Amino acid sequence: MKSVNFNSIDRKWQKEWEKAKVFEVKEDSKKLKYYALAMYPYPSANGLHMGHAFQYVIPDILARFMRMNGCSVLHPMGFDSFGLPAENAAIKEGVHPQKYTDTAIKRFVTQLRTLGISYDWSRVIQSHDPEYYKWNQYFFLEFLKKGLVYRKASGVNYCVKCDSVLANEQVHDGKCWRHKDTNVIIKNLEQWFVKTTKYAEELLKDVDVLDWPERIKAMQRNWIGKSEGAEVMFSINNEKWPVFTTRIDTLFGVTFLVISAQHSRLGELVTKENKKNVDTFLKKIKSTKQEDADKMEKEGVFTGSYAIHPLTGKKIPIWTGNFVVADYGSGVVMAVPAHDARDFEFAKKYGLEIKQVIGCPKDYDWKNGAYTDWGNLVNSSEFNGLKNDEAKQHIVKALESKKLGRFVTQYKLRDWLISRQRYWGTPIPIIYCDDCGAVPVSGKELPVLLPQKVEFGKGNPLLTNDKFLNVKCPKCGKIGKRETDTMDTFMDSSWYYLRFTDPGNTKRPLSPEDVSRWMPVDFYSGGAEHACMHLIYARFFTKALRDLGYVTISEPFTRLFNQGMLHGEDGAVMSKSRGNVIDPLDTTKKYGSDTLRLFLMSVASPDKDFSWSSTGVESMHRFVQKVWNYAHSVNFGKSSSRVEHKMNKGIIEISKEIKSINYNIAVIKLRALFDSFEEEISKYDFGNFLKLLSVFAPHIAEELWNKFIDSKTLISISNWPVADESKINDSIDKAEESFEKTISDIQNILKIVKEKEGKMASHVYLYAIPNEVVLFNIDALSKRLGIEVSVFAVNDKMKFDPENKGGKAKPGRPAIYVV
RNA sequence: GCGGGGGUUCCGGAGUGGUCAAACGGGAUAGCCUCAAGAGCUAUUGUGCUUAGUGCCUUCGGAGGUUCGAAUCCUCCCUCCCGCACCA
């Protein structure tokens with residue numbers, strides 16, 4: 001068989017699609033909309049890797065499927081093109097980030113095209129395009145007006161490698177999300193924040209209705225971290241200090257307070273006599289490395305101050321400790337050692353009082369530590385005997401009447417810090433004036449362009465451009481200084497999916513008609529690493545923009561899909577150092593992109609991790625070639641009723657599997673369907689097969705369609721086949737089943753005969769019930785068995801049946817005699 | 001510690017109450033084809049038993065349970081992966 005140049009076929013159809021603009025989506029109100037999207041990539045100079053290929057083919061199959069099913073499909077691609085690597089390249093190699101980025105994008109686009117993904121390339125978005133980031137600035141100002149953006153001084157996370165502050169979401173295990181070897185340090189700075197906490201409750205509540213992987217939903221709930229409890233006031237030096245607790249029922253068991261060692265007001269509590277001790281302690285904590293801090297034992301020292309218990313009026317010592325988180329609750333905790341494991345450990349260590357206030361079983365062994373289960377109150381004056389839940393109500397009521405406490409809800413979610421001390425991002429549209437303070441740039445002045453001329457490697461590059469830096473105050477006209485921080489690039493990705501609905505709009509960030517036509521995104525695919533970053537921010541943005549009147553939806557992504565991780569052939573993560581990296585372009589060059597697409601979709605369910613397999617790719621390539629060869633050698637005529645049956649059943653089953661993203665199963669069924677084809681087939685049926693195949697292997701499907709079925713139309717925009725159920729005849733499957741079972745029966749007998757008589761039998765006689773004789777084709781049987789076969793009807797008087805086996809025949813199971 | 005997801009026949013990986021000794025792919029073995037290699041085609045690939053065949057046995061991390069019936073449902077345990085983690 002002559003070898004086929006799949007590469008030239010790939011290129012040919014990629015060009016045709018582009019020429020005919022088949023994937024550019026137009027307004028068509030008669031059609032249902034479908035919005036399929038993959039998280040837009042950072043255009044790395046390394047280009048496309050296999051994980052990208054995998055990730056982008058997944059939604060493409062669905063996009064192609066929905067398009068052929070009569071939907072108008074929005075399937076765009078863009079680039080998250082602001083960010084650190086470009087700027088670091090500028091520092092290291094002297095390339096301007098703009099140039100670096102543009103080159104990388106160009107390369108990405110070329111590579112993406114070779115995969116045959118049905119993108120609407122007319123809608124490309126690039127975050128670093130002033131026409132895009134202008135609207136980041138616009139939304140920043142809108143948020144500012146509504147109090148959703150504010151500036152405040154606080155201890156913030158700072159990564160020395162990024163040379164910038166980070167949001168809470170970008171700190172993982174005390175390390176920077178981009179630099180897993182770099183500890184984040186806390187710096188006290190005045191920075192811009194987005195008030196994500198305003199939507200904490202809604203963000204949490206709406207997680208329930210999302211069609212997302214449970215894992216991601218759990219991670220989001222965890223991140224938002226709601227906990228319901230009470231705030232209670234302890235009087236310290238005649239001032240009221242709030243303390244948050246989820247166990248207000250144990251209030252009478254408080255024997256000491258602990259204030260976080262990082263608390264900004266710790267100094268106020270430290271008395272002269274204790275200052276030295278506290279300082280030594282703080283020094284020790286500071287010198288402890290982050291990784292050790294996680295495992296560090298609870299430690300603390302007495303501050304010298306006392307608090308007054310709100311109900312008993314008793315004096316309670318205040319300690320400072322390393323186990324109290326400064327920015328959760330109020331950074332001060334009430335310690336109830338009898339009923340909290342951490343407090344217990346601490347009290348034991350320092351010999352502090354342990355007072356039981358919850359009744360526990362008589363045989364409870366206090367050597368086990370704190371008793372943290374439920375029980376009835378004891379040692380709690382008038383609340384004695386109450387159950388925990390009742391006690392909570394009553395105690396809070398008592399506190400409320402004295403204005404010393406109330407029920408409150410706490411969240412772990414923090415406001416989003418968006419300032420970055422970096423160049424390659426959206427300039428924050430603010431001018432600082434000595435007289436007027438932080439003044440917003442007027443909307444008419446947008447965009448605040450990122451200046452090209454800056455110097456890299458000397459701190460924030462924006463400080464090196466005087467023209468950019470020194471500008472008049474929009475309010476009073478006096479010379480002021482421009483904000484030199486840029487926005488977190490997650491700002492860009494928080495609304496790009498909205499912009500795709502109307503990317504060319506120069507007047508407005510979004511048009512209400514387009515947004516309402518296309519949103520929400522019906523299928524969104526991307527990696528799980530964004531669970532608590534991009535996906536939180538984007539959800540926040542949608543809700544905030546809804547309340548500002550820009551969109552009407554509350555959730556941007558109806559259905560989220562996490563693709564699995566693609567590993568190297570050795571089962572390890574693909575990495576250069578391991579040498580197990582497979583370049584998608586090498587693969588497409590060798591086998592064509594259809595083979596790659598089919599292979600990636602067929603190894604495992606797309607949401608599961610899997611390993612590359614070079615033999616698996618080979619095998620898939622053989623399948624593609626078989627289809628090719630079949631198309632070139634088959635007689636196009638009439639399909640047998642068997643093929644019609646298989647075809648129509650296949651349409652139903654394969655469609656169902658594609659809809660549920662069981663692509664691996666869909667491919668298996670597609671292969672089985674192909675295997676059932678015969679030497680003659682109708683163009684109609686083969687065309688339908690090509691349509692099913694086309695979502696996975698669009699190029700070869702297009703080529704064969706063009707060559708054999710219809711040269712005037714494109715299969716990519718043809719109608720998805722509809723099954724003709726009247727052609728489905730399950731008795732055909734049953735007949736095949738009984739044929740197979742008969743084969744295995746015969747083989748079993750042949751085996752036994754061979755064992756018994758020491759030689760192979762030479763002839764098989766079958767006696768089928770009369771209407772089943774047709775099921776047992778003599779040629780097919782002898783081909784399969786490699787032995788001569790005769791078939792008789794049981795009522796055939798002339799049949800050869802020396803041992804009278806014929807009588808054993810049953811429906812679906814002919815009798816057998818071998819010699 | 002908390003939360004989420006797994007553990008299936010040599011390997012990868014389907015399968016969520018009977019149609020399951022368990023799809024499909026890989027690998028392996030045998031045969032056909034060929035001068036040969038490759039490709040292609042066909043068959044076999046849990047164990048043992050039984051019998052000239054539709055049967056039985058053991059098996060889906062382990063142990064129990066529910067059920068007429070379990071890889072599939074429940075309970076407990078072991079184990080792996082992922083995320084969060086001194087959050088009061």
Side-chain angles (χ1 to χ4, degrees), chain A residues 1 172-174 213-223 225-227 229-230 243-248 250 257-258 260 293-299 321-336 339-343 345-346 410-412 528-529 531-532 562 565 567 569 571 599 602-605 607-620 622-623 625-626 629 662 664-665 667-669 671-672 734 737-738 741-757 761 783-786 803 805 808 810 812-818:
Chain A
M1 198 64 67
H172 298 157
D173 281 333
E214 271 318 306
R215 186 163 67 110
I216 305 295
K217 288 169 67 163
M219 281 163 82
Q220 291 224 341
R221 288 194 191 101
N222 200 316
W223 186 258
K226 180 178 182 173
S227 79
V243 169
F244 177 72
T245 178
T246 53
R247 290 296 302 271
I248 195 69
T250 63
L257 298 189
V258 188
S260 167
D294 293 341
K295 292 167 230 143
M296 209 162 65
E297 226 184 284
K298 285 167 195 42
E299 273 187 66
N322 63 351
F323 67 98
V324 179
V325 179
D327 63 358
Y328 184 75
S330 62
V332 183
V333 302
M334 55 176 235
V336 185
H339 306 291
D340 180 280
R342 293 154 305 183
D343 300 344
E345 194 190 320
F346 195 83
Q410 278 286 336
Y411 298 91
K412 280 201 267 183
E529 67 274 16
C532 296
N562 278 139
M565 282 266 288
H567 293 208
E569 188 130 36
F599 170 73
S602 70
V603 186
S605 171
D607 60 341
K608 293 236 169 102
D609 296 354
F610 69 99
S611 301
W612 184 260
S613 156
S614 46
T615 47
V617 181
E618 296 268 0
S619 143
M620 196 49 83
R622 285 201 291 274
F623 169 67
Q625 274 172 322
K626 266 195 248 175
N629 294 340
N662 293 327
N664 54 332
I665 307 292
V667 172
I668 286 167
K669 293 199 163 154
R671 290 182 72 156
K734 286 216 180 82
E737 219 171 276
S738 91
K741 282 202 170 150
T742 304
I743 292 262
S744 84
D745 285 347
I746 295 169
Q747 278 169 341
N748 199 5
I749 294 169
L750 288 175
K751 197 183 98 193
I752 290 162
V753 168
K754 194 182 169 193
E755 278 164 12
K756 266 197 171 165
E757 302 178 10
K783 196 179 163 213
R784 281 285 295 276
L785 293 162
E803 290 191 16
K805 297 281 184 188
K808 288 180 118 180
K810 289 175 190 162
R813 288 286 182 155
I816 300 161
Y817 174 63
V818 307

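Just so you know, these numbers come straight off a predicted model, no measurement behind them. Labels below follow one simple rule: chain letters A, B, ... track the order of the sequence lines, proteins then strands, and each chain is numbered from 1.
The nearest pair of heavy atoms linking M219(A) to A531(A) is CE-CB, 3.6 Å. Considering every non-hydrogen atom in both A528(A) and R215(A), the closest pair reads CB-NH2, 3.1 Å. Considering every non-hydrogen atom in both S602(A) and V667(A), the closest pair reads CB-CG1, 3.8 Å. Closest non-hydrogen pair, F244(A) versus G329(A), comes out as CB-CA, 4.2 Å. Listed here is the closest heavy atom pair of D343(A) and A335(A): OD2-CA, 3.2 Å. V243(A) and S330(A) make their closest contact through CA-OG, 3.6 Å (heavy atoms, listed as atom of the first residue, atom of the second, distance).
Taking atom CG of N562(A) as the reference point, atom C1' of G5(B) lies 12 Å away to the nearest angstrom. Between the P atom of G4(B) and the CD1 atom of I216(A) lies a distance of 14 Å, rounded to the nearest Å. Nucleotide G27(B) holds its P atom 11 Å from the CD atom of E569(A), rounded to whole Å. Atom CG in N629(A) sits roughly 11 Å away from atom P in C41(B) (whole-Å rounding). As rounded to whole Å, 10 Å separates atom C1' of G26(B) from atom CZ of F599(A). When the P atom of C82(B) is taken as reference, atom NE2 of H172(A) falls 15 Å away, rounded to whole Å. As rounded to whole Å, 12 Å separates atom P of G26(B) from atom CZ of F623(A). With rounding to whole Å, K298(A) atom NZ is found 9 Å from C86(B) atom P.
Note on V667(A): nothing from the nucleic acid sits closer than 4.0 angstrom, heavy atoms only. Backbone-only engagement by K626(A) is indicated by non-hydrogen atom pairs under 4.0 Å involving sugar-phosphate atoms exclusively. Note on N222(A): a base of the nucleic acid sits closer than 4.0 angstrom, heavy atoms only.
Shown here, G12(B) forms a base pair with C24(B); the pair counts as Watson-Crick or G-U wobble because both key distances fall under 3.5 Å. Across every strand in view, G18(B) sits in a pair with C68(B) that passes the Watson-Crick or G-U test at under 3.5 angstrom. Across all strands shown, the partner of G1(B) is C84(B), judged by Watson-Crick or G-U wobble contacts whose two distances both fall under 3.5 Å. Pairing partner, A39(B): none, since no Watson-Crick or wobble contact has both distances short of 3.5 Å.
Nearest nucleotide to the side chain of Y328(A), out of C84(B), C86(B), A88(B): A88(B). Side-chain proximity of T615(A) to G3(B), G5(B), G27(B): nearest is G27(B). Closest to the T246(A) side chain, of the nucleotides G26(B), A88(B), C84(B), is A88(B). Side-chain proximity of E214(A) to G83(B), G4(B), G25(B): nearest is G4(B). Listed nucleotides: A88(B), C84(B), C82(B). Nearest to the side chain of R215(A): C82(B). Distance from the side chain of M219(A) is smallest to G83(B) among G83(B), A88(B), C86(B).
A side-chain donor-acceptor contact under 3.5 Å links E569(A) to the backbone of S614(A). In this structure a side-chain-to-backbone donor-acceptor pair under 3.5 Å is missing from S605(A) to N662(A).
Comparing D343(A) and W223(A) by the nucleotide of RNA chain B that holds the closest heavy atom to each, the one mapping nearer the 5' end is W223(A). With the nearest nucleotide of RNA chain B identified for both N322(A) and S619(A), S619(A) has the one nearer the 5' end.
Nucleotides G15(B) and G6(B) are separated by 11 Å at their P atoms, to the nearest Å. Separating the C1' atom of U8(B) from that of C2(B) is a span of 29 Å, rounded to the nearest Å. Across A23(B) and G12(B), the matching C1' atoms stand 14 Å from one another, rounded to whole Å. Nucleotides U59(B) and C10(B), compared at atom P, are 14 Å apart to the nearest Å. C60(B) sits 10 Å from U72(B) when the C1' atoms are compared, rounded to a whole Å. Nucleotides U58(B) and A71(B) place their P atoms 12 Å apart, quoted to the nearest Å. Taking atom C1' on both nucleotides, A52(B) is separated from G17(B) by 36 Å, rounded to a whole Å. As rounded to the nearest Å, U66(B) and C78(B) have C1' atoms that lie 23 Å from one another.
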- When you check every protein heavy atom under 4.0 Å of nucleotides 6-15 of chain B, what one-letter string (B, S, -) results, 5' to 3'? -------SS-
- Message: side chain to side chain contact (heavy atoms under 4.5 Å, CB included), that's the test. Do Y328(A) and V333(A) meet it? Break it down for me.
- Response: CA-CA 10 Å; Y328(A) 184 75; V333(A) 302; over 6 Å; no
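The aromatic rings of F610(A) and F599(A) sit perpendicular to each other, their planes meeting at more than 60°, with 30° as the lower class boundary.
Side-chain N/O atoms of K412(A) include none lying less than 4.0 angstrom from OP1 or OP2 on G3(B).
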